[in-house]
Amino acid sequence: MRVLLIEDDELLGDGLRHGLSSQDFVVDWFQNGESADTALHGAEYDCMVLDLGLPGRDGLSWLAAWRQSRHELPIVILTARDAEDDRIRGLDAGADDYLIKPVSARELAARLRAVIRRARGNAQAVWRHGELEFDPASRHIRWRGQPVELTSREAGLLEVLLGNPGRVLSRQQIIDKMYGWQGDPDSNALEVFVHHLRRKISPGIVRTVRGIGYALGPASDRDES
């Protein structure tokens, strides 16, 4: 899952980026609202972590503006402002959760997974697709009741597809979700990951849409054409 992190404190921002990356999130970190706003209009994110005490325009002002422009991205405020009135203002402005610094990367990751689940209309902690089970917290995968061992990148690809059921994603959209702005993979890396998912889980788990990209396959082998 790809996170837009907005935190002006360099030490804290770097720590949050590394902490969330260790929890299998792809993190794009910015230190002001202007840069984050540009990124938000040019990339697709699963959630946002927003500090309020930003240089220039305050984070609460950015939050209100994004909600007024109908950005529905799940947003978690992470701030040192711990007064009740601040929490109320943040939530009423459109935040999905409000956390007080400091917070561990593990708790922040759990909060992000929770708001993403709610945004997708699925309260279940384990994602299910036919006989496939995927736990985004532990990255444990089971197919027909049996554990499946995937690499981090293979699990990341599966997560992207499961998070977009019924949607055809271009190659670039998938790469952006899996890597963010951390660098491009090898030219044929995505095709290799697709091949491994088909071999380790089911030949039909990933559907190729010629000229467009890839989509999640049918929920069971019996649905394959």
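This structure is a prediction, so every number in the text was calculated from the model and none was measured.
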Validation row: Ile77, Leu99 side chains within 4.5 angstrom (heavy atoms):
no

In sequence, state the C-alpha distance, the side-chain angles, and the governing distance for His129 and Leu162, and then conclude on side-chain contact (heavy atoms from CB on, under 4.5 Å).
CA-CA 8 Å; His129 180 69; Leu162 287 170; 3.7 Å; yes

With no hydrogens and no angle check, is any side-chain donor or acceptor of Ser21 less than 3.5 Å from a backbone partner on Arg17?
yes

Please report the interatomic distance CG(Leu158) to NZ(Lys200), rounded to the nearest 0.5 Å.
11.5 Å

Any side-chain heavy-atom pair from Leu50 and Val76 closer than 4.5 angstrom?
no

Stacked cation flag Arg153 on Phe193, 6.0 angstrom / 45 deg
no

Under 3.5 Å, side-chain donor or acceptor atoms of residues 88-98 against the rest of the protein: list the pairs with distances, not counting sequence neighbours.
residue	atom	partner	partner atom	Å
Arg89	NH2	Asp86	OD1	2.6
Asp96	OD2	Arg67	NH2	3.0
Asp96	OD2	Ile75	N	2.8
Asp97	OD1	Arg111	NH1	3.4
Asp97	OD2	Arg111	NH1	3.1
Tyr98	OH	Arg81	O	2.8

How about Leu112 and Gln23: do any of their side-chain heavy atoms sit closer than 4.5 Å?
no

Closest heavy-atom pair, Phe30 versus Ser35, reported as atoms and distance to 0.1 Å, is CD2-CB, 3.7 Å

Side chains of Val26 and Met1: closer than 4.5 Å at any heavy-atom pair?
no

If I compare all heavy atoms of Ala109 with all of Phe25, which pair ends up nearest, and what's the gap?
CB-CE1, 3.6 Å

Going from CG on Asp51 to CD on Gln31, what distance comes out if it is rounded to the nearest 0.5 angstrom?
11.0 Å

Cluster check Val126, Val160: I/L/V/M/F/W/Y, side chain < 4.5 angstrom:
no

Which atom names give the shortest non-hydrogen contact between Asp9 and Glu7, and what distance separates them?
N-OE2, 2.9 Å

Value rounded to 0.5 Å, distance of CG in Leu73 from OH in Tyr45
9.5 Å

Shortest non-hydrogen contact between Leu169 and Gln173, atoms and distance
CA-OE1, 3.4 Å

How far apart are the C-alpha atoms of Met178 and Arg2, what are their side-chain angles, what is the distance that settles it, and do they pass the side-chain contact (heavy atoms from CB on, under 4.5 Å) test?
CA-CA 7 Å; Met178 292 178 62; Arg2 190 175 181 185; over 6 Å; no

Are Leu150 and Leu197 close enough that some pair of their side-chain heavy atoms sits under 4.5 Å apart?
yes

Do the side chains of Lys177 and Asp46 get close enough for a salt bridge, i.e. N-O under 4.0 angstrom?
yes

When every non-hydrogen atom of Lys101 is compared with those of Leu78, the smallest separation belongs to CE-O, 3.4 Å

Over 60° means perpendicular and under 30° means parallel, so tell me whether His41 and His71 are parallel, tilted or perpendicular.
perpendicular

How about Asp28 and Leu5: do any of their side-chain heavy atoms sit closer than 4.5 Å?
no

Hydrophobic cluster of Ile212, others only, ordered by chain and residue number, side-chain cut-off 4.5 Å
Val168, Val209

Hey, are the side chains of Val3 and Val49 touching, using non-hydrogen atoms and a 4.5 Å cut-off?
yes

Note: Trp127 and Gly163 closest approach over all heavy atoms is CZ3-N, 3.9 Å

Quiz question: by atom type and distance under 3.5 Å, do the side chains of Arg198 and Thr208 form a donor-acceptor pair?
yes

Look at atom NE2 of His140 and say whether more than 12 heavy atoms of other residues, nucleotides or ligands are closer to it than 6.0 Å.
no

Output, in order, the C-alpha distance, side-chain angles, deciding distance and verdict of side-chain contact (heavy atoms from CB on, under 4.5 Å) for Asp24 and Ser152.
CA-CA 8 Å; Asp24 295 310; Ser152 176; 3.8 Å; yes

To the nearest 0.5 Å, atom OG of Ser202 lies from atom CZ of Arg144 at 6.5 Å

Given Glu154, Glu159, Glu149, Glu133, the one that forms salt bridge (Lys or Arg N to Asp or Glu O under 4.0 Å) with Arg139
Glu159

In terms of side-chain heavy atoms, does Asp135 have a donor or acceptor partner in Ser138 at a distance below 3.5 Å?
yes

Mind checking the CH2-CD spacing from Trp143 to Glu131? Nearest 0.5 Å is all I need.
5.0 Å

Within a strict 4.5 Å, meaning less than it, do heavy atoms of the Trp29 and Leu16 side chains meet?
no

Checking side-chain polar atoms at under 3.5 Å, does Trp66 have a donor or acceptor matched by the opposite partner on Asp37?
yes

One pair to check against side-chain contact (heavy atoms from CB on, under 4.5 Å): Arg118 and Val115. What are the steps and the verdict?
CA-CA 5 Å; Arg118 292 198 296 270; Val115 298; 3.1 Å; yes

